[in-house]
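Accompanying notes for the structure given below.
These numbers come from a predicted model, not from an experiment. Below, chains carry the letters A, B, ... as their sequence lines are ordered, and counting in each starts from 1.
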Number of protein chains: 2
Amino acid sequence: MAKDRHWNCGDPQQHLVWAEATTDALRVLEGKWKIVIICQLFGAKEPLRFSELERRVEGVNQKMLIQQLKELEKDGIITRTVYPQVPPRVEYALTDLGKALGPAMAELIDWTYLRRETLDVSGSAKQSLSATS
Amino acid sequence: MAKDRHWNCGDPQQHLVWAEATTDALRVLEGKWKIVIICQLFGAKEPLRFSELERRVEGVNQKMLIQQLKELEKDGIITRTVYPQVPPRVEYALTDLGKALGPAMAELIDWTYLRRETLDVSGSAKQSLSATS
DNA sequence: CGGCATCCGGGATGATACTG
DNA sequence: CAGTATCATCCCGGATGCCG
């Protein structure tokens, strides 16, 4: 994989080059809720309605959700589909470019679990993760 | 790997559970420059001085860099080492928890390359990546 | 009723000058 | 070199209203 082509080359100049490229591309994910939104869409494995997203992205408000969704759509990460009916129904789904973020999101989620395990050695919060049913 | 344990379980309730955990942990990475900073520290494979970071994290200003570094330090992602000498020398390095973000950062960087390839089919910007020397 | 826009206050961010 | 201080600006969040 290309995974190890970046920082395994000794050329420090190369680092600065992809640094710029990375900074530029990461700007697409800039915004308080975007990564969480993408994680949710990826986890759902199917398009989500606006109201679903609003419920799953904990703590977000309508305005911010709309704004971040718009930017994600503009940047080609998600698609927005309107079904002309009453009550209105709008679904959001990942594009191919968005789906390509899957491995990164998976690794991020793995890290969040590792972090949990690191933090509570007492295992207090970890139990709420296994006790789902 | 644990990579596929998250969204491959059909239980939608489980999704909401790790959603909350993820949201919580991702809050540590919240902040306009943190992911870029971590990417830089990871790419450098060695501690970086403040001025180095300032140069590599393109577009950041001193105040923001200091602030985000402080928060990253408080959250156990990086360490801050002061060498008592003149001129002052402060180095920032990833902790174990910070290094554990490596795979995720690598995937993110891979994605930034994929995104580039997707965007400029004409290959205009891609050339600046190979022409480093 | 669900999705979206507008107005306004507060906190995060940015630009610049200054200090040890 | 590595920060701090100050002030301007922008993003975020809540409330409210519109529209199918």
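Not one side-chain nitrogen or oxygen of Lys32(A) sits closer than 4.0 Å to the OP1 or OP2 atom of dT13(C). OP1 or OP2 of dC12(D) has not a single side-chain nitrogen or oxygen of Trp33(A) nearer than 4.0 Å. Contact check, Gln67(A) against dC11(D): no side-chain N or O comes under 4.0 Å of OP1 or OP2. Phosphate contact (OP1/OP2 of dC1(D), side-chain N/O of Ser51(B), threshold under 4.0 Å): absent. In this model, the phosphate group of dG3(D) is approached by a side-chain N or O of Arg80(B) to a distance below 4.0 Å at OP1 or OP2. Taking side-chain N and O atoms only, Arg49(A) has no distance below 4.0 Å to OP1 or OP2 of dG2(C). A close approach under 4.0 Å does occur between a side-chain nitrogen or oxygen of Lys70(B) and OP1 or OP2 of dT4(D).
When rounded to the nearest whole Å, the span between CG of Leu65(A) and P of dG14(D) equals 13 Å. The CD-P distance, from Glu58(B) to dG14(C), rounds to 14 Å in whole Å. Rounding to whole angstrom units, NZ of residue Lys63(B) and P of dT19(C) are separated by 19 Å. In this structure, the CE atom of Met64(B) is 16 Å from the C1' atom of dA2(D), given to the nearest Å. Distance, Ile66(A) CD1 to dC18(D) P: 16 Å, rounded to whole Å. One can place CD of Glu54(B) at 9 Å from P of dA2(D), the figure rounded to the nearest angstrom. The CG-P distance, from Asn61(B) to dA17(C), rounds to 14 Å in whole Å. For the pair Gln62(A) CD and dC12(D) C1', the computed distance is 15 Å after rounding to whole Å.
If you check dG2(C), dG3(C), dG13(D) against the side chain of Pro87(A), the one that comes closest is dG2(C). Here the nucleotide nearest the side chain of Pro88(B), chosen from dA17(C), dG13(D), dC1(D), is dC1(D). Listed nucleotides: dT13(C), dG3(D), dG3(C). Nearest to the side chain of Gln68(B): dT13(C).
At a threshold of 4.5 Å between non-hydrogen side-chain atoms, the residues Leu101(A) and Leu108(B) count as touching.
Using a 4.0 Å heavy-atom criterion, one finds that Tyr83(B) contacts no nucleic acid atom at all. Residue Val86(A) is out of contact with every strand shown, counting any heavy-atom pair closer than 4.0 Å.
Closest approach of Glu107(B) and Pro103(A) over heavy atoms only: OE1-CB, 3.4 Å. In this structure, Lys34(B) and Glu30(B) approach most closely via the heavy-atom pair NZ-O, 3.0 Å. Scanning both residues, Ala44(B) and Arg56(B), for their nearest heavy atoms gives CB-NH1, 3.8 Å. The two residues Lys32(A) and Gln68(A) make their nearest non-hydrogen contact at N-OE1, 3.5 Å. The two atoms that bring Val60(A) and Glu54(A) nearest to each other are CG1-O, 4.3 Å, heavy atoms only.
Both Val60(A) and Arg89(B) lie close to DNA chain D; mapped to their nearest nucleotides by heavy-atom distance, the more 5′-ward contact belongs to Arg89(B).
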